[in-house]
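Whatever order the structure lists them in is the order used to number ligands and atoms, beginning at 1. In this text, all values refer to a predicted model and were calculated from it rather than measured experimentally.
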Amino acid sequence: MFSVDVSVATASLAELDVDLLIAPAYEERVAARLGELASTAGDSALAAAPDFDGSADAAVLLYAPSGKARRLALVGLGPSGKAGRESLRRAAAAAERLAAKYGVASVGLALPPDGKEEAFAAAQALVEGYMLSAYRFARYKTAPAKKETPSLERIVVHVGTGDADEALRGAERGRILAASVAAARDLVNISPDEKSPTAFSGMVADLGARHGFSVEIWEKARIEQEGMGGLLAVNRGSQEPPTFTTMTWKPDHAPDAPPVVLVGKGVMFDTGGLSLKPTANSMDHMKADMAGAAAVVGAMTALARLDFPRHVVGLVPATDNRPGENAYVPGDVVRMHSGKTVEVLNTDAEGRMILADALSWAATYDPSLVIELSTLTGAQVVALGSEVAAVMTNDRPRPETRLQAMEEAGRRTGDLVHRLPMYPHYGELMRSEVADLQNISSRREAGSITAAKFLEHFTNYPWIHIDLAGPSFLHHALPWRPKGGTGFGVRLLVDFLHAHASE
Ligand code: BES
Ligand code: MN
Ligand code: ZN
């Protein structure tokens with residue numbers, strides 16, 4: 001996946017020498033499009049007309065086109081009035097699925113000649129859609145079937161009337177983003193027994209060395225020195241020590257300004273601790289409880305590879321949450337890194353314990369903004385489902401602007417987010433009788449919001465909280481997202497930061 005080669009071609013479509021040529025078409029322009037394609041596909045394109053109406057998700061595979069391509073996929077974009085980047089990603093993904101069993105190594109992506117999207121955005125969306133759909137996780141397959149084996153090597157974007165340089169830049173960005181999403185998916189999908197905090201931090205160090213961001217890993221002794229009581233409390237039931245990983249991207253050409261800090265929840269496996277989770281539909285996918293961390297690592301990878309012109313820091317507190325004999329217990333009062341005290345009433349509300357320490361540590365950077373991503377609550381899945389994450393923010397200057405910018409990045413990338421409110425009364429449910437705060441609410445309702453209100457106590461800068469419990473890990477495949485780890489948040493963060501930097 002990392003070595004896919006991307007280029008553009010401007011010659012006739014018939015000249016594209018690829019295993020699969022993908023031609024997206026708008027619904028109301030199907031007849032005209034098939035006419036144009038007749039030069040490549042010959043009569044077979046016209047013969048396919050009765051079976052192809054250009055509606056969204058319509059997809060037909062043709063063989064022996066008269067050009068150099070071995071196969072031609074006609075894919076629908078739906079009516080042009082409703083179409084956008086997401087239609088292009090879905091169309092490319094639909095073509096990928098049609099040919100998934102055939103071991104396609106080279107792909108041509110034909111930009112729609114009459115596209116509404118600019119060449120840059122259209123090329124990016126097509127490459128993302130294809131590559132994100134072509135992701136395979138074959139690490140543990142001893143005899144993978146062809147459809148389980150990664151085969152993609154080369155993508156050629158065909159530019160008709162559009163700007164070829166812009167298309168190439170867009171395609172390159174799409175390739176880097178898709179590869180970074182793949183890295184995040186791999187981190188989530190890897191078996192928990194290979195994913196101790198130490199092993200995870202090592203994988204981050206490898207990615208940093210390969211792609212050019214720096215990585216510093218704190219071991220348990222340093223975490224103790226810093227007084228990260230929340231992270232240490234959660235770690236008590238585990239055989240594996242915790243880590244605290246700092247990723248730094250600070251290119252020479254970045255202005256000397258306070259950084260944006262990204263924070264990701266790194267619970268490598270969440271058993272619930274002594275407040276043990278049941279297995280089915282609960283503990284069975286808790287290897288994904290580090291998906292926030294994976295999103296931060298994937299975003300740092302992409303920002304470095306894209307030579308992003310700003311200072312960005314990534315922080316990951318990492319531990320697993322287990323019920324070992326020394327485990328923290330309900331009733332424990334924990335002194336956090338910030339100095340505040342927390343009464344633990346449920347050991348399964350562990351994410352907020354480790355994130356609180358990372359958030360108060362983040363203040364040492366005097367950040368202009370902190371964006372924190374975590375698989376924090378089951379309530380998020382109940383509220384918004386598995387395709388939309390929850391976004392919340394504190395009342396530091398202009399909360400509306402921040403939420404709106406994040407929702408817009410969501411719509412551009414398809415990593416959808418929707419806001420939840422943060423009215424003060426929700427926070428009252430987190431007051432403890434014996435300590436400053438308790439780690440669960442005194443009522444079940446509004447669980448995603450009360451969790452965020454807890455975290456808010458550890459912020460003193462503009463902060464965006466994204467609860468991605470649902471969309472970070474899927475039990476059913478979606479158009480360009482496989483089952484398992486999705487890499488949700490990587491493209492969202494990078495898109496948001498690009499828009500934020502150009503403000
Ligand atoms: N990691 C879970 C949240 C989660 C649930 C993530 C489903 C992905 C899918 C988190 O640590 C947790 O256990 N939260 C509890 C909090 C409760 C004890 C207040 C929850 O949501 O039930
Ligand atoms: Mn938990
Ligand atoms: Zn958890």
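A donor-acceptor pair shorter than 3.5 Å can be found between the side chains of Thr347 and Ser275. With no hydrogens or angles considered, a side-chain donor-acceptor pair links Ser374 and Glu372 at under 3.5 Å.
Around the Zn ion (ligand 3), the protein atoms of type N, O or S that sit closer than 2.8 Å are Lys265 NZ, Asp270 OD2, Asp289 OD2, Glu350 OE2.
A cation-pi contact links Arg491 to Trp480, judged by a cut-off of 6.0 Å to the six-membered ring centre and 45° from its axis. Geometrically, Lys195 does not engage Phe269 in a cation-pi contact defined by less than 6.0 Å to the ring centre and at most 45° from the axis.
With respect to the salt-bridge test (charged N to carboxylate O, under 4.0 angstrom), the residues Lys265 and Glu350 qualify. Using a 4.0 Å cut-off between charged nitrogen and carboxylate oxygen, Arg412 and Asp495 count as a salt-bridge pair. Salt-bridge formation is detected for the pair Lys141/Glu148: a Lys NZ or Arg NE/NH1/NH2 atom is positioned less than 4.0 Å from an Asp or Glu carboxylate oxygen.
The immediate protein surroundings of ligand 1, defined as residues with any heavy atom under 4.0 Å of it, consist of Lys265, Asp270, Lys277, His285, Met286, Asp289, Asn346, Asp348, Glu350, Arg352, Thr375, Leu376, Thr377, Gly378, Ile440, Ala469.
Residues Val181 and Leu132 have side chains in contact (heavy-atom distance under 4.5 Å, counting atoms from C-beta outward).
Residues His498 and Phe308 place their aromatic rings such that the two centres sit under 6.0 Å apart.
Between Tyr140 and Phe137, the ring planes are perpendicular. Angles over 60° get that label, and only those under 30° would be called parallel. A parallel orientation is assigned to the rings of His285 and Phe473, their planes being inclined by less than 30° (bins at 30° and 60°).
Take the Mn ion (ligand 2) and draw a sphere of radius 2.8 Å; the protein N/O/S atoms inside it number 4.
From Ile190, atom CD1 reaches atom CZ of Arg185 across 14.5 Å, with rounding to the nearest 0.5 Å.
The stretch residues 454-463 participates, sequence neighbours left out, in these salt bridge (charged side-chain N to carboxylate O under 4.0 Å, His left out) pairs: Lys453-Glu456.
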